[in-house]
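Worksheet: the structure to be examined is printed underneath.
Naming convention: chains lettered A, B, ... in sequence-line order (proteins, then strands); numbering from 1 in each chain. Being a predicted model, the structure only gives us computed values, none of them experimental.
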Amino acid sequence: MNTTEAEKKEYLNFIHQIIEEDLKNGKHGGRVHTRFPPEPNGYLHIGHAKAICLNFNTAEKYKGLCNLRFDDTNPAKEEEEYVTSIKEDVHWLGFDWGDRLYWASDYFQQMYDFAIEMIRKGKAYVCDLTPDEIREYRGTPTEKGKNSPFRDRSVEENLILFEKMKKGEFPNGSRTLRAKIDMSHPNMNMRDPIMYRIVHATHHNTGDQWCVYPMYDWAHGLEDSIEGITHSLCTLEFEDHRPLYDWFLDQLEGVHRPQQIEFARLNLNFTVMSKRKLLELVRLGLVKGWDDPRMPTISGMRRRGFPAAAIRDFADRIGLAKRESTVDVALLEFCVREELNRVAERRMAVLNPVKVVITNYPAGQVEMMEAVNNPEDEGAGTRQVPFSREIYIEKDDFMENPPKKFYRLAPGREVRLRYAYLVTCTNVIKDEKGEILEIHCTYDPETRGGNTPDGRKVKTTLHWVSCDHAVQATIRQYDRLFKVENPLSDPEKDYKEFIHEHSLDIVENCQLEPDLKNFKPGQFIQFERLGYFIADPDATDDNLIFNRTITLRDTWAKIQQQENQK
RNA sequence: ACGGGGAUCGUCCAAUGGCAGGACUACGGUUUUUGGUGCCGUCUAUCUAGGUUCGAAUCCUAGUCCCCGUGCCA
């Protein structure tokens, strides 16, 4: 028997190890149910993508379910716009929550009833301390806190006061409902944490129905419990909150007990990941919006042209652990290139054109050349590309006095025009300032399609576009938003000082192969020898716009850099 | 200082007392009608000091360093 396959042990990350152990022990009735619980106070970013993939993929792996739940417990910061974008982003990433779209606000009444239960049991009390006083009474990590003078109110008084808080009879900040735990606990989260605060604000879902809103620690475990979540996955900073998460659930009768497990959040170099900073970039106009292609948001990456499959693959490859780490953006770029190489059709586009006249080619003649759409995918077929006497090539593809390792067109040198002919440079026409106006070449009629019947080799194949047939476009070339690996590393400097001033380079009057005018927004494309691009929704009928997703790996650029450093 | 976590190639993740392995990056070669892709190869790591053991990244002891924690945010 062939044992190699059976012996190949599948690698399990530490969370899946815990789950398999739980399954073996019959914990949670052998069920796995996860959730992705965003607060609708910003757009989702690549760090959220890690959590989304983890939660949905874990559920699928163990034949369980994953809910999408909006943790909308703070009406001051939350907006409908964010709800819409979050739903769109999760779907676009390729995940489906079925009919399990939930809201923390759906449970406000249940949470309130549980709070009454806590008061009745003497586990919660209404506190009249001001915010400043609460902070003062809380103590510090090294000093114990002091009991609130309101800690021993009667159950009856607490019930009445909490009822009045709920009805809106007190102003914001005047009172809170607190859990009665231990003001000398070494874990500050356990020093009589606040369960409810008074907020007079209109909630996007519940309107003006509530004047008290639950705090995260009280709400989150209840949300998980109510939904029957088995494994509540969250980031490391909530590790300190787990004792409180467990404590709350322990106080209540007959509630389901989910298990919180923490993992390290994703950090990426050359960017910032906090919602606060991303919001700031948007508000200050440093980027064009949450979906600016330079943003690490899911919507930004989508507009940049990163395929969802590449982001999912990235989430798989970065692994999962409890140690703080920063993933190299080069890995993300690798995933993007790998996916795009497989799926993007190829076209020719000249970004910085210079005219080439093929002097021995008949004026007025047009030939249709057959070009392969995607060498990685035969099913993508071929297309016909018009060729004529005058074409554009890339300025960078010609040098009058080429250095050693430059293989492209130069006086007297022969190169291949992709899918067309071999041409030899015979002359260069310049204006009085020395600017190149035209490059003159002759072609070899025997080399139609780019083949050489005599077997001779040329070093390089160039992309080109026929002048008479070209369509014009604007191309937005994006680069990394920050010019340093870690914009937050210098405590003396604001991260915004490290913004890359040339992270967007707009190139007008690019000359494209004619069939590009049929490309619809969102369609991926590779411009041969240049990079991957995506048609942008800003395009109009008479002006095409493509965003550069990422360049191809460019060994010539690398050689140039190395030469420059010498 | 107190409480909670964490330290393995440049980066990320494995190895759960038994040959420190994979991916990315970098570098080199090869193929090529994209200086792309593919293929092949090279480089580099167990925080420190003791201990247990035939054998330690893993267990024990002592240290060092890093992260989180004093919102009526999540």
Using the [atom1] atoms only, state how far [M] lies from [N], rounded to an integer number of Å.
{"N": "B:C40", "M": "B:U53", "atom1": "C1'", "answer": "42 Å"}
{"N": "B:G10", "M": "B:A56", "atom1": "C1'", "answer": "26 Å"}
{"N": "B:G51", "M": "B:A14", "atom1": "C1'", "answer": "28 Å"}
{"N": "B:U30", "M": "B:C65", "atom1": "C1'", "answer": "45 Å"}

Query - Base-paired stems that RNA chain B participates in, counting runs of 3 or more Watson-Crick or G-U pairs under 3.5 Å - result: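 Expected stems, ordered by start: B:2-7 with B:64-69, B:10-13 with B:21-24, B:26-30 with B:38-42, B:47-51 with B:59-63.
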
Taking the side chain of [X] as its heavy atoms from C-beta onward, which of [options] lies nearest to it?
{"X": "A:W556", "options": "B:C68, B:U34, B:G35", "answer": "B:G35"}
{"X": "A:M188", "options": "B:U34, B:G69, B:C12", "answer": "B:G69"}
{"X": "A:R197", "options": "B:U34, B:A15, B:C72", "answer": "B:C72"}
{"X": "A:I559", "options": "B:G36, B:C13, B:G35", "answer": "B:G35"}

What's [X] touching, base or sugar-phosphate or nothing? Going by heavy atoms closer than 4.0 Å.
{"X": "A:L417", "value": "nothing"}
{"X": "A:Y196", "value": "nothing"}
{"X": "A:Y213", "value": "nothing"}
{"X": "A:E262", "value": "nothing"}
{"X": "A:E528", "value": "base"}

Report summary line: Of A:R175 and A:N341, the one whose nearest nucleotide on RNA chain B sits closer to the 5' end is A:N341

Query raised in the report: Around atom CD of A:E80, are there more than 12 heavy atoms of other residues, nucleotides or ligands at under 6.0 Å?
Result: yes

Would you mind reading off the distance between [X] atom [atom1] and [N] atom [atom2], rounded to a whole angstrom?
{"X": "A:N13", "N": "B:C12", "atom1": "CG", "atom2": "C1'", "result": "14 Å"}
{"X": "A:W218", "N": "B:A74", "atom1": "CH2", "atom2": "C1'", "result": "18 Å"}
{"X": "A:R416", "N": "B:G35", "atom1": "CZ", "atom2": "C1'", "result": "14 Å"}
{"X": "A:H220", "N": "B:A74", "atom1": "NE2", "atom2": "P", "result": "11 Å"}
{"X": "A:D397", "N": "B:G36", "atom1": "CG", "atom2": "P", "result": "14 Å"}

**Report entry** Heavy-atom side-chain proximity of A:L233 to A:F36 below 4.5 angstrom
**Finding:**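 When only atoms from C-beta onward are counted, A:F36 and A:L233 do not touch, as no gap falls below 4.5 Å.
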
Report task. Taking the side chain as every heavy atom from C-beta outward, state whether A:S489 and A:V484 have any pair of such atoms under 4.5 Å apart. Result ->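 A side-chain contact is absent here, since even the closest heavy-atom pair is not under 4.5 Å.
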
Contacts of [X] that satisfy side chain to side chain donor-acceptor pair (under 3.5 Å) - sequence neighbours left out:
{"X": "A:T461", "value": "A:R416"}
{"X": "A:E133", "value": "A:T130"}
{"X": "A:N158", "value": "none"}
{"X": "A:D554", "value": "none"}

Query raised in the report: Quick one: salt bridge (charged side-chain N to carboxylate O under 4.0 Å, His left out) partners of A:R178, sequence neighbours excluded?
Result: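 Applying salt bridge (charged side-chain N to carboxylate O under 4.0 Å, His left out) to A:R178 gives none.
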
Query raised in the report: Mind checking what makes ring-ring contact (aromatic ring centres under 6.0 Å, His included) contact with A:W103, not counting sequence neighbours?
Result: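 Residues passing ring-ring contact (aromatic ring centres under 6.0 Å, His included) with A:W103: A:F70, A:H204.
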
Short side-chain N/O contact to [N] OP1/OP2 from [X], under 4.0 Å:
{"X": "A:Y11", "N": "B:A14", "result": "yes"}
{"X": "A:R138", "N": "B:C72", "result": "yes"}
{"X": "A:T555", "N": "B:G36", "result": "yes"}
{"X": "A:R346", "N": "B:G36", "result": "no"}

Query raised in the report: Quick one: does A:E143 reach the base of B:U70 with a side-chain donor-acceptor pair under 3.5 Å?
Result: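 No pair found.
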
**Report entry** Donor-acceptor pair under 3.5 Å, A:E376 side chain vs B:G36 base
**Finding:** yes

Report task. Flag the pair A:F238 / A:H220 as yes when their ring centroid distance falls below 6.0 Å, and as no otherwise. Result ->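 Ring-ring flag for A:F238/A:H220: false, centres at least 6.0 Å apart.
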
Query raised in the report: Is the ring of A:Y407 stacked on the base of B:G35, with centres less than 5.5 Å apart and planes under 30° off?
Result: yes

**Report entry** Letter per nucleotide, 5' to 3', of nucleotides 1-8 of chain B [B base touched, S only sugar-phosphate touched, - untouched; heavy atoms, 4.0 Å]
**Finding:** BBBSSSSB

Can you name the atoms? Protein N/O to nucleotides 20-26 of chain B N/O, anything below 3.5 Å, with the distance.
| residue | atom | partner | partner atom | Å |
| --- | --- | --- | --- | --- |
| B:A23 | O2' | A:R317 | NH1 | 2.9 |

Report task. Considering only NZ, NE, NH1 and NH2 on the basic side and carboxylate oxygens on the acidic side, decide whether A:R283 and A:E280 come within less than 4.0 Å. Result ->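 No, A:R283 and A:E280 are not salt-bridged.
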
Query raised in the report: Charged N to carboxylate O under 4.0 angstrom, A:R480 versus A:E333?
Result: yes

Query raised in the report: Is there any side chain to side chain donor-acceptor pair (under 3.5 Å) pair reaching into residues 232-243 of chain A, and which pairs are they, with sequence neighbours excluded?
Result: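 Residue pairs with at least one partner in residues 232-243 of chain A: A:R35-A:S232, A:D217-A:H241, A:D224-A:S232, A:T235-A:E237, A:E237-A:R265, A:E239-A:K322, A:R242-A:E262.
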
**Report entry** Parallel, tilted or perpendicular, as decided by the 30° and 60° cut-offs, for the rings of A:F387 and A:W464
**Finding:** perpendicular

Query raised in the report: Applying salt bridge (charged side-chain N to carboxylate O under 4.0 Å, His left out), which residue pairs with at least one partner in residues 190-200 of chain A are found, sequence neighbours left out?
Result: A:R151-A:D192

Quick test: give all pairs of protein nitrogen or oxygen and nucleotides 63-65 of chain B nitrogen or oxygen below 3.5 Å, distance rounded to 0.1 Å.
none

